[in-house]
Amino acid sequence: MATIHIDGKEYEVDGADNLLQACLSLGIDVPYFCWHPALGSVGSCRQCAVKQYKDADDKRGRLVMSCMTPVTDDTYISIEDEEATEFRESVVSWMMSNHPHDCPVCEEGGNCHLQDMTVMTGHSSREYRFTKRTHENQDLGPFISHEMNRCIACYRCVRYYNDYADGEDFGVYGAHNNVYFGRTESGTLQSEFSGNLAEVCPTGVFTDKTHSSRFNRKWDMQFAPSICQQCSVGCNISPGERYGELRRIENRFNGEVNHYFLCDRGRFGYGYVNLDSRPQRPVQLRGNDRIELNAEQATLAASGVLKHAKQIIGIGSPRASLESNYALRELVGQANFYSGIEAGEQQRLERMLKILNEAGIHTPTLREMEDYDAVVILGEDVTQTAARVALAVRQAVKGKAREMASAQRVADWQIAAVQNIGQHARYPLFITHSDTTRLDDVAAWSLSASASDQARLGFAIAHALDEKAPAVADLDDELTQKAQFIASALKQSQKPLIISGSQAGDIALIDAAANIAKALKEQDKEVGLSYVAREVNSMGLVMMGAKPLDDALSAMGTNVDTAIVLENDLYQRLAPTQVEAAINQLDHLVVVDHQHHRLADQAEFVFSSASFAEADGTVVNMEGRAQRFFQVFDPSYYHPDSVILESWRWLHGLETALRDASPDWSTLDHVIASLCDNIPQLAPIVDAAPNADFRIKGQKLARAPHRYSGRTAMRANISVHEPRQPQDVDSPFSFSMEGNNSPDAVRNEIAFAWAPGWNSPQAWNKFQDEVGGHLRYGDPGVRLFSEQGSLEYFADIPQAFHAQAGQWLIAANYRLFGSDELSAKSEVMRERAGQHYLTLNPTDAEQLGLNEGTVAEFSVNGSNWSLSVKLSKALASGIVGLPLGCETLPSVLAGQTITQLQEGHL
């Protein structure tokens, strides 16, 4: 700690900070542009100038840039000094000389850091009266709009995109007054994290293109704290709504998880919420006609059918909340509740859960991953399956440069010096996958091989670390040497991180990762072990102890005549022929979902459920963190003819109609209390977020900023009479701007970033205990894994893969853009995904008479698909890479064999 003096007042601050960080952490406003908590200091904008004095007696002082000045004991500075104030105002004046006068039409207006800082510096008039510099804008793809004339040359964009996210198709060009930030030519930004430019940029140069077609100001949107639904990482998000339509998603700061950044799938993949094809009302199939019903009619009709059913089963979903899955379990009974996850994937998830709970090895948070000094990734292309993890790994390998700088007593925030000292030095990263990965550019070594051969290498690494670990027989000399090389690198590290997951479809990879982690733990390393699951609530659903989907389909051929399927398109999980055969055995099929899909077309009843934006619920991410998402808007307020309810409410309504006595579940808190009583391992979720009775000084929490407007006009097409705002009984949030949104309020669920004088995303500074650290009153969520105990080494080592003539082993090539069932329904996501490919080794393709770009036709389990061919020398002969999750290719295909592969047509 250090004692500093600011304008005559004494403060205790962190001695490792710079003056700007120290001031902001104290809640003292200092304007800035080029500095960012995650990017460090370069001192290029000169906006954060303050007056520094030698001691208490010095009256003259000198101007310094606070972002480049380290905190030292007995530092004396003045922010309010007249010279410093005039200097900061002149800096803004220089920057605004070329800035257009377009705030009323700029999409950043009201959410603009430049506006905040201009007001903060007192700059209120434009003095420059000559021709302004102009630039030609670029088309940067479907996600990001580009307006270079608004640029103030703070360099944040290029520092984030190139230096932080390791992008290679973006740069800075020109010089002096004609500096230009963009690509060498128009084209889609290739980084999976390009959307963060919209928040990193302090002006309107880079904005959210998905918001442009239905744009509105930040103060006219309604927000709620939420959780990204697109993968298992559990990033915190702030979805914004207007007119009953989801309009944009922004990052919601969580100091343990995503802190300042999201991946592009999480930021832009929300289009499925707004689809016209979504079920808007319950539907019953009568003869050949589908009849729309109201809530009471649908519940009575469906319960009448269920009362006469011989046996009812419930099929849950890893994309549904814990509460909705629990409501289904209560309706059908625990013995008749199935997870909706295919058996192989569930086995892998159960193994992950056992290891993370009982192996006594730490599962790091996303933020903690950035501090590991050696990383091994087994069988997972994390950029495609958990992109935010990949961004964290990129920061971890750069820790070598920070270590080298620290040895020379250079602070982490002095990023230019750190990069100069490091000169691209990296901590070691080792990757195995069936093909190349997006992280190969920062890897020390990568292996492309079959899942079994990847696992064998993992087991060999564990044995090289600890001779007590099972040895691998017949491992070739080259891989044996690589295993010893990787083991040597891990032994030299202090904090090694092991990452694996379910992508490859082989449980041996999960076991091998656990063996490596255990071997490192035996050597007293601060080892971390992370497993990537497929969906937002995969871990939570497995903790409920349900049987796999395959068992449910088998039961349909026996005594079961009725099935209720919750938020799950079974055709995405198993071979279509297998699903079709099972469904045909049923007399009654009930689907509860917020999306229209093939299974819903076959249902007798379809209940129109709420998406994550219209519901509250709890999900458990890959690290075992239970997190609550909250309803952003009530769809009936804008669409009175719709009948959309939370899935758990539909299911509980059916239970109430079927039984004489059922529990009182009028609020979400009732469901959570019952769940915690009946599933002990999930009991801590009650502390994941405040209950509905939570108040700040008697007030609920506001979902909208202070200037939220137009409430009557928004419904004028329905009625000129303003109805009462919807009343939320499930959460402490109000559906309006009425309520508390103070940064000083004792809470950790924050709907949107806003504080007096801070309208931009930089307002998160006002909610943090220290800038860039954690939320002042704790980061949301509660950890569920015990991380206690110890497991024996796993010894089931697979046989080496050998290619067989006329057979091709399927390797999973998940795609960030396309493999997720929900985001793939978004038009902008389909545009970004482009064409999906079947990948072949060139030798195999030549033998089959296939060329790059031609179409290959193949059959698995009686179902046929066609895909264009892409060649990859990294892919082993005898293996075919398929974009599972895309083009209706179910994940169960991983590890299966194709025997018919030939030229075809799309």
Side-chain angles (χ1 to χ4, degrees), residues 232 256 346-366 368-369 371-380 430 432 454-472 483-484 486-502 506-533 538-540 542-545 620-626 679-684 782-798:
S232 66
E256 295 281 8
Q346 180 152 329
Q347 182 190 25
R348 295 189 292 275
L349 288 168
E350 289 171 348
R351 183 63 60 83
M352 293 180 203
L353 183 62
K354 179 179 178 64
I355 293 168
L356 297 178
N357 245 329
E358 302 175 17
I361 298 171
H362 179 56
T363 302
T365 67
L366 194 66
E368 287 174 336
M369 288 183 185
D371 294 326
Y372 284 85
D373 59 1
V375 183
V376 174
I377 303 177
L378 281 181
E380 198 80 13
F430 305 102
T432 76
Q454 295 174 57
R456 286 165 61 82
L457 175 67
F459 282 111
I461 295 169
H463 180 71
L465 288 164
D466 182 358
E467 291 184 354
K468 297 176 185 175
V472 182
Q484 292 171 347
I486 295 171
S488 176
L490 294 174
K491 286 178 181 178
Q492 295 175 36
S493 68
Q494 295 300 313
K495 290 185 64 176
L497 172 63
I498 315 302
I499 300 174
S500 189
S502 62
D506 194 333
I507 199 169
L509 281 162
I510 294 167
D511 294 348
N515 277 14
I516 297 173
K518 177 178 171 61
L520 289 165
K521 183 186 176 186
E522 295 293 326
Q523 298 187 12
D524 295 324
K525 301 291 185 183
E526 295 180 56
V527 61
L529 177 62
S530 289
Y531 287 120
V532 177
S538 292
M539 285 297 190
V542 171
M543 293 177 78
M544 295 182 72
V620 180
N621 76 347
M622 57 181 273
E623 61 164 288
R625 180 183 297 271
I679 308 178
Q681 60 267 38
L682 291 174
V782 58
R783 295 285 290 268
L784 303 180
F785 295 160
S786 69
E787 299 183 357
Q788 301 297 316
S790 179
L791 293 175
E792 297 298 319
Y793 282 115
F794 293 98
D796 191 4
I797 301 173

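Keep in mind that this is a model prediction, so the values were computed, not measured. In what follows, residues are counted from 1 in the order of the sequence shown.
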Check whether any side-chain heavy atom of [X] sits under 4.5 Å from a side-chain heavy atom of [Y], and report yes or no.
X: M544; Y: L682; answer: yes
X: M352; Y: M539; answer: yes
X: R456; Y: P798; answer: yes
X: L465; Y: K491; answer: yes
X: L520; Y: I498; answer: yes
X: V527; Y: L529; answer: no
X: I516; Y: L490; answer: yes
X: P364; Y: D371; answer: no

| task | In sequence, state the C-alpha distance, the side-chain angles, and the governing distance for T363 and R783, and then conclude on side chain to side chain contact (heavy atoms under 4.5 Å, CB included). | result | CA-CA 10 Å; T363 302; R783 295 285 290 268; 3.8 Å; yes
| said: Going by side-chain hydrogen bond (donor to acceptor under 3.5 Å, both in side chains), name the residues that satisfy it together with S232, two or more places apart in sequence or in a different chain. | reply: none
Write down the atom of [X], the atom of [Y], and the distance for their closest heavy-atom approach.
X: Q454; Y: G379; value: OE1-CA, 3.0 Å
X: S500; Y: L509; value: OG-O, 3.7 Å
X: E368; Y: T365; value: OE1-N, 2.8 Å
X: F785; Y: L356; value: CE1-CD1, 3.5 Å
X: A471; Y: I797; value: O-CD1, 3.3 Å
X: M622; Y: S530; value: CE-CB, 4.1 Å

With rounding to the nearest 0.5 angstrom, report the [atom1] to [atom2] distance, [X] to [Y].
X: I507; Y: E350; atom1: CD1; atom2: CD; value: 8.5 Å
X: I377; Y: L497; atom1: CD1; atom2: CG; value: 8.0 Å
X: I461; Y: D466; atom1: CD1; atom2: CG; value: 14.0 Å
X: Y531; Y: R351; atom1: OH; atom2: CZ; value: 9.0 Å
X: I486; Y: L457; atom1: CD1; atom2: CG; value: 5.0 Å
X: E623; Y: E787; atom1: CD; atom2: CD; value: 9.0 Å

Answer yes or no: is there a donor N or O on one side and an acceptor on the other, between the side chain of [X] and the main chain of [Y], under 3.5 Å?
X: H463; Y: A469; answer: yes
X: S786; Y: N357; answer: yes
X: D373; Y: S493; answer: no
X: Q681; Y: M543; answer: yes
X: E358; Y: L791; answer: no

| request: Under the side chain to side chain contact (heavy atoms under 4.5 Å, CB included) rule, what do F794 and I355 come out as? Steps first, then yes or no, please. | output: CA-CA 11 Å; F794 293 98; I355 293 168; 3.8 Å; yes
| field | Six-ring centre of Y793, K518 cation under 6.0 angstrom, axis tolerance 45° | value | yes
